Amino acid sequence: MEKYDPNTIEKKWQKIWEESKTHQAADFSKKKKYYCLDMFPYPSGEGLHVGHWRGYVFSDVWSRYQKMRDKNVLHPIGFDAFGLPAENAAIKTKMHPKTHIKETISRFEKQLKDIGAMYDWSREVITSEPEYYKWTQWLFLQLYQNGLAYRDEAFVNFCPNCQTVLANEQVKGGLCERCDSIVQKKKLKQWFFKISKYAQQLLDGLHKIDWPERVKLMQRHWIGKSEGALVKFKIVNCKLKIENCFIDVFTTRPDTLFGVSFLVLAPEHELTTKITTVDKAKSVEKYVREALKVSEIDRSNLQREKTGVFTGAYAINPITKSKIPIWVADYVLSNYGTGAIMSVPAHDQRDFDFAKKFNLPIIQVISAPSKKQKSEKTWESDGIMINSGQFNGINSQQAKSAITEYLEKNKLGISSVNYKLKDWLISRQRYWGAPIPIIYCRKCWELKTKNEKRKTDFTIIDGKEYAIIPVPEEQLPVLLPEKVDFKPTGESPLARTEEFLNTKCPKCKGPAKRETDTMDTFVCSSWYFLRFCDPKNKKKFADKTRIKYWMPVDFYVGGIEHATMHLLYARFITHALHSLGLLDFNEPFLKLYTIGMIYLHGAKMSKSRGNIISPDEIIQKYGTDTLRGYELFVGPTDEDSEWNVNGVNGVYRFLQKVYTLVADFKEAKSSVPMEQQTHQLIKRYTDDLLRLNFNTLISHLMSFVNLISKKEAPPTGVGGIFSSLGRAKEDKNQCSKFQIETLIKLLSPIAPHLAEELWQKIGNEQSVFESGWPSYDQDKIASDTMTLVIQVNGKVRDTIVIKKNDSKANIIDMAIKRQDVQKWIVGNKIKKTVYIPFKLINFVV
RNA sequence: GGGCAGGUGGUGAAAUUGGCAAACACGCUAGCCUUAGGAGCUAGUGCCUGAAUAAGGCUUGUGGGUUCAACUCCCACCCUGCCCACCA
């Protein structure tokens, strides 16, 4: 008996695959294309653990299946190599990020090659290579030239630990997504991408993509569309220019306009200081100063008591014409709506709390259904309008549009849509990223005529204006200099590098300064799937016809943590490039599959917790195929699962069993043993595969192998999925070639090395992956006899074997006569008989 | 506070979507083999009552409902995880 030696087999086949270039995808083919993509990893010094492997195995099984379905499969891999993790690790190990990343990538490459996946390594991309980031910079320029990238001063998120600003998406619950530090608000001049312009498109696009509902929902929430009205409140005794004497307010409840008893401005609101009366100036100034010091998490703490201060100013309610006070309070957010609200304490809990605390009037304008209303509470739902002049008596839902119409007619407001989605802040004060290809030129600014000086075209550095000059495309890439003191200080390390900072203006050829911030790594990863279509292209980000052939990605596999980061950014960039006429589709990923996390001892695997299982050791002991098998077997791939160290051995035992079964295989003398079961196996396996239930695939194979290695038929009715079909009576290892070939083919996506070896062993010269997917014959699955369950009052009392063509009356008669059935119905009258053909009979007594 | 998942043996889980709950594995028990076993093979293994391989009862978070029949559908509640969170 030969022994299963995974390490020899796996080395052998990996070498053969590599030498024959079998995994290289051909651009253009008569075959149908299939683009299956993993979210490419960022190489960290920690290496991959079995949790990371899960997704790679999953996508590879799917890719190999597609290949056996005769598709032209593109299954590429690369590295998201710029960014904080790499840079921080480099600082820690006192290495240059470039050297560090080189080492970690080569470690990752080895680990990824160990998977035995059908990656096309000839297309590998590394985002920190100039050949790649040249096009990331080019992308920036496309957006800039089309008004989709701009530099502006705003209150932004700053991580004091990472020493850089962050995008909204990278702040989770007031903490830095990377390092969990408390994020501070700072007013800074930064680069933004205008993702907000695409809010509606990004919302609409969700309808046409096959993504998990959970992810779509997260994106919908993040985009956060609200419909309502913008209402103008005129400021009383305003000393500003007349057009500035209004406070704009966004509300989703125009129906409550008669109930507005005061306005509240956010501390950051530009009018706050301008409208404050002299006698209140001191207290308002103090309040604003203190409010800006409070961190975002403290500020958004719901338990916190409301604070605020009166500005001394008043406004006019546009509909009631009554004079209402204007307050400042930090419960109003500056970055949502207009940064100012109309307060309706009777119908909003927050306004109610504020009104109670500062003793402000509460005006009820919607009557709640009598019983539901309690005196001390607000009523936030619909009801009948009261205290609302001509709108009294109608439903508050109708009042919404009626009042909005009234406002529009009288030029006091307009209906309006608001989104939570804010523009994407993409500049970073860190070293290890793609330099922003922008130059600031003082001379060009001075040369401009007065009416050419638009706000978007200049920036202020050290109190002086500079013209913003994009680096011309032919000068790309703007190389990231290597000799840099890259220690993060909150200011860009590149600003300390004179030879980078000082440059020549491409327009006027005079001395100029470079932008010294680098781009958020998420910019690099928001277009890499396009580069895989044509990774070596030196003239374009990718050739148009190649993109047309391969894109969009058919199947995208990765973690759910990117739901409102990478997956949103990549969609935005694709939508943007589409609107610029550079792509003829706008959704990059047709189908998305999210991988669940692997837990060990009830906790997420992580180095800091010390509960990491490394694939390397498992491979050494059991081989890659076993690990691949267990990664699937551990549980449903889209759910979190607990890793069981012993479970791996079960898969190993199974593969060993398959190996000996095939190695000792003697063709059966009898016609075709267990033909029916084999067809049934193909059906069950393929059905589960198509439903992406990969965790049950091996179970089916195990059941099948258990069945064919039985020596004798066990008594009928004993467990197992094939029990109703009877068992083999042939001697052990007397199989048909059909049976063995089917087994190997079905096993091949999961255990490709073993499958290739066994395929060769039974006399095939071509690869098993060229052999096509087995098909089943429905007629051969159907059986002449079936096991029918007999219930009495819903309880199983017996089973009988019936023939396909037995009549209903005949079957009921047979069933009723059974001893185990008689026992329960004797002496009772049968009230009802339920017969479900080929399934069961239920007698109700 | 809002939203979304999920809750099945000692463990990971399965159930063709309303039709035999616990497939397949892990673990455990017994036996065989072995100098030895963290190897292999064979058998058993949801829980309770029973000497039993007799017979019966119970069981999918809890409580109700619909149905001949519910892990599956409906209602209420409890617990766990995730996302968002003073978003006007």
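Residue numbers start from 1 in every chain, and the chains themselves are labelled A, B, ... in the order their sequence lines are given, proteins ahead of strands. Just so it is clear, the structure is predicted and the values come from calculations on it, not from any experiment.
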Q: Between Thr799(A) and Phe250(A), which has a closest nucleotide on RNA chain B that is more 5'?
A: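 Going by which nucleotide is closer to the 5' end, it is Thr799(A).
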Q: Is Lys683(A) salt-bridged to Asp687(A), going by a charged N under 4.0 Å from an acidic O?
A: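 Yes, charged N to carboxylate O under 4.0 Å.
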Q: Tell me whether U17(B) sits syn or anti, counting syn as a glycosidic angle within 90° of 0.
A: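 Chi for U17(B) falls in the syn range.
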Q: Could you state the CG-P distance from Asp348(A) to C86(B), rounded to the nearest angstrom?
A: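 These atoms are roughly 13 Å apart.
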Q: So if I define the base as every atom that isn't primed, P, OP1 or OP2, how would nucleotides 4-14 of chain B read as a B/S/- string at a heavy-atom cutoff under 4.0 Å?
A: S-------BSS
Q: G27(B) and A39(B): how far apart are their P atoms, nearest whole angstrom?
A: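 Looking at atom P only, G27(B) and A39(B) are 8 Å apart.
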Q: Give the nucleotide from the list G3(B), A88(B), A69(B) with an atom nearest to the side chain of Asn842(A).
A: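 Nearest listed nucleotide: A69(B).
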Q: Taking the side chain as every heavy atom from C-beta outward, state whether Leu568(A) and Leu421(A) have any atom pair closer than 4.5 Å.
A: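 Leu568(A) reaches Leu421(A) side chain to side chain.
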Q: Looking at Asp688(A) and Arg691(A), does any basic side-chain N land under 4.0 Å from a carboxylate oxygen?
A: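 Salt bridge present between Asp688(A) and Arg691(A).
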Q: I want to verify the glycosidic state of G50(B); is it syn or anti under the 90° rule?
A: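 Syn conformation for G50(B).
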Q: A88(B) P sits how many Å from Tyr331(A) OH, rounded?
A: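 For the pair Tyr331(A) OH and A88(B) P, the rounded distance is 13 Å.
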Q: Can you measure Glu380(A) atom CD to G2(B) atom C1' for me and round it to whole angstrom units?
A: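 Going from Glu380(A) (CD) to G2(B) (C1'), I get 12 Å.
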Q: Within the 4.0 Å heavy-atom criterion, would you say Gln791(A) contacts the bases, only the backbone, or no part of the nucleic acid?
A: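 Touches a base.
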Q: Take atom P in G61(B) and the same atom in A52(B), then report the distance between them in whole Å.
A: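 Nearest-Å result for G61(B) against A52(B) at atom P: 30 Å.
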Q: Counting the atoms with a prime plus P, OP1 and OP2 as sugar-phosphate, which does Thr833(A) contact under 4.0 Å by heavy atoms, base, sugar-phosphate, or nothing?
A: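 It contacts nothing in the nucleic acid.
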Q: What nucleic acid atoms does Gly224(A) come within less than 4.0 Å of, heavy atoms only: base, sugar-phosphate, or nothing?
A: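 The answer is nothing, as Gly224(A) stays clear of every strand by at least 4.0 Å.
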Q: Expressed in whole Å, how much space separates the P atoms belonging to A36(B) and A21(B)?
A: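 About 45 Å, rounded to a whole number of Å.
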Q: Select one nucleotide: of A85(B), G19(B), G40(B), the one nearest the side-chain heavy atoms of Lys839(A).
A: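 Nearest listed nucleotide: G19(B).
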Q: Just so I know, are the side chains of Thr637(A) and Ile595(A) near enough to count as touching, which here means a heavy-atom distance under 4.5 Å?
A: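 Sidechains of Ile595(A) and Thr637(A): in contact.
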Q: Suppose you measure atom P in U16(B) against the same atom in C71(B); what distance do you get, rounded to whole Å?
A: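 Roughly 13 Å separates the two P atoms.
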Q: Determine the contact category for Lys823(A): base if any of its heavy atoms lies under 4.0 Å from a base atom, sugar-phosphate if only primed atoms, P, OP1 or OP2 are that close, otherwise nothing.
A: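 If one applies the 4.0 Å heavy-atom cut-off, Lys823(A) turns out to touch the sugar-phosphate alone, with no base involved.
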Q: Hey, does the Lys NZ or Arg CZ of Lys306(A) hover above the aromatic six-ring of Phe354(A), less than 6.0 Å from the centre and inside 45° of the axis?
A: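 Lys306(A) over Phe354(A) ring: no.
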Q: Please measure how far the P atom in G44(B) lies from the corresponding atom in C78(B), and state the result in whole Å.
A: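 Their P atoms lie roughly 45 Å apart.
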Q: Let's test your reading of the pairing rules: Watson-Crick or G-U wobble, both distances under 3.5 Å, then write RNA chain B as a dot-bracket string with ( ), [ ], | and dots.
A: (((((((..(((......[....)))((((((.......))))))((((.....))))..(((((..]....))))))))))))....
Q: Whole-Å distance between A85(B) C1' and Leu175(A) CG?
A: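 To the nearest whole Å, that distance equals 14 Å.
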Q: Figure out the CD/C1' separation between Glu561(A) and C84(B), and round it to whole Å.
A: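 Rounding to the nearest Å, CD of Glu561(A) and C1' of C84(B) are 17 Å apart.
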Q: Pick the C1' atom in A14(B) and in C24(B), then give their distance to the nearest Å.
A: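 My reading of the C1' atoms in A14(B) and C24(B) gives 8 Å.
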Q: Name the nucleic acid region contacted by Val789(A), choosing base, sugar-phosphate or nothing; use a 4.0 angstrom heavy-atom cut-off, strictly under.
A: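 The residue Val789(A) makes base contact.
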Q: Quick check: any donor-acceptor pair below 3.5 Å linking the side-chain of Lys420(A) to the base of C84(B)?
A: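 There is none.
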Q: Looking only at the side chains, is there a donor atom on one of Lys225(A) and Asn418(A) sitting less than 3.5 Å from an acceptor on the other?
A: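 No, because no side-chain N or O of Lys225(A) sits under 3.5 Å from a partner of the opposite role on Asn418(A).
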Q: Which part of the nucleic acid, if any, lies within reach of Lys306(A) when heavy atoms closer than 4.0 Å are counted: base, sugar-phosphate only, or nothing?
A: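 Since a base atom lies under 4.0 Å of Lys306(A), the category is base.
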Q: Please report the distance separating the C1' of A15(B) from the corresponding atom of C20(B), rounded so that it comes out in whole Å.
A: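 It works out to 11 Å between them.
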Q: Look at all strands and tell whether Arg797(A) reaches a base, only sugar-phosphate, or nothing, counting heavy atoms closer than 4.0 Å.
A: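 Here Arg797(A) touches the backbone only, sparing every base.
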Q: Determine whether a donor-acceptor pair (N or O, by modelled atom type, separation under 3.5 Å) exists between the side chain of Thr338(A) and the backbone of Asp248(A).
A: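 Answer holds: yes.
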Q: Name the orientation class of the two ring planes belonging to Tyr652(A) and Tyr622(A) (parallel below 30°, tilted from 30 to 60°, perpendicular beyond 60°).
A: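 Correct class here is perpendicular.
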Q: Measure the acute angle between the ring planes of Tyr336(A) and Phe250(A), then classify it against the limits of 30° and 60° as parallel, tilted or perpendicular.
A: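 Correct class here is perpendicular.
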Q: To the nearest Å, how far apart are Asn335(A) CG and A85(B) C1'?
A: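 Between C1' of A85(B) and CG of Asn335(A): 13 Å.
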Q: Relative to the 5' end of RNA chain B, which residue comes earlier, Arg304(A) or Asn646(A), by the nucleotide with the nearest heavy atom?
A: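 Counting from the 5' end, the first nearest nucleotide belongs to Asn646(A).
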Q: Please check this pair: side chain of Asn317(A) against backbone of Leu257(A), looking for a donor-acceptor N/O pair closer than 3.5 Å.
A: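 Yes.
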Q: Over all strands shown, is Val332(A) touching base, sugar-phosphate only, or nothing at heavy-atom distances under 4.0 angstrom?
A: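 Base contact - Val332(A) has a heavy atom under 4.0 Å of at least one base atom.
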Q: Out of the candidates Val834(A), Asp798(A), Leu840(A), only one should pair with Gln791(A) under the side chain to side chain contact (heavy atoms under 4.5 Å, CB included) rule; please name it.
A: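 When Val834(A), Asp798(A), Leu840(A) are each tested with Gln791(A), the side chain to side chain contact (heavy atoms under 4.5 Å, CB included) holds only for Leu840(A).
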Q: Indicate yes or no: does Asp638(A) engage Arg214(A) in a salt bridge with an N to O separation below 4.0 Å.
A: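 No salt bridge links Asp638(A) with Arg214(A).
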Q: Looking only at side-chain atoms of Asn706(A), point me to the closest of C24(B), A88(B), G19(B).
A: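 Side chain of Asn706(A) sits closest to C24(B).
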Q: C58(B), OP1 or OP2 - any side-chain N/O from Lys795(A) closer than 4.0 Å?
A: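 Yes, Lys795(A) has a side-chain N/O under 4.0 Å of OP1/OP2 on C58(B).
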Q: Among A23(B), G19(B), G27(B), find the nucleotide with the atom closest to the side chain of Arg653(A).
A: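 Nearest to the side chain of Arg653(A) among the choices is G27(B).
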Q: What do you reckon, is CD1 of Ile414(A) surrounded by more than 12 foreign heavy atoms closer than 6.0 Å?
A: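 Yes - once you tally the heavy atoms of other residues, nucleotides and ligands closer than 6.0 Å, there are more than 12.
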Q: Could you give the distance separating U60(B) and G6(B) at their C1' atoms, to the nearest angstrom?
A: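 The same atom, C1', in both gives a distance of 13 Å.
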Q: Could you state the atom-to-atom distance from CG of Leu655(A) to P of A25(B) in whole Å?
A: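 Checked: the CG to P distance equals 13 Å.
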Q: Is the base of G64(B) syn or anti, if syn means a glycosidic angle within 90° of 0?
A: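 Chi for G64(B) falls in the anti range.
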Q: For the pair made of CG in Asp330(A) and C1' in A88(B), what is the distance, rounded to whole Å?
A: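 One finds 15 Å between C1' of A88(B) and CG of Asp330(A), rounded.
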Q: Nearest to the side chain of Asn693(A) - A15(B), C68(B), A23(B)?
A: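 Shortest atom-to-atom distance from the side chain points to A15(B).
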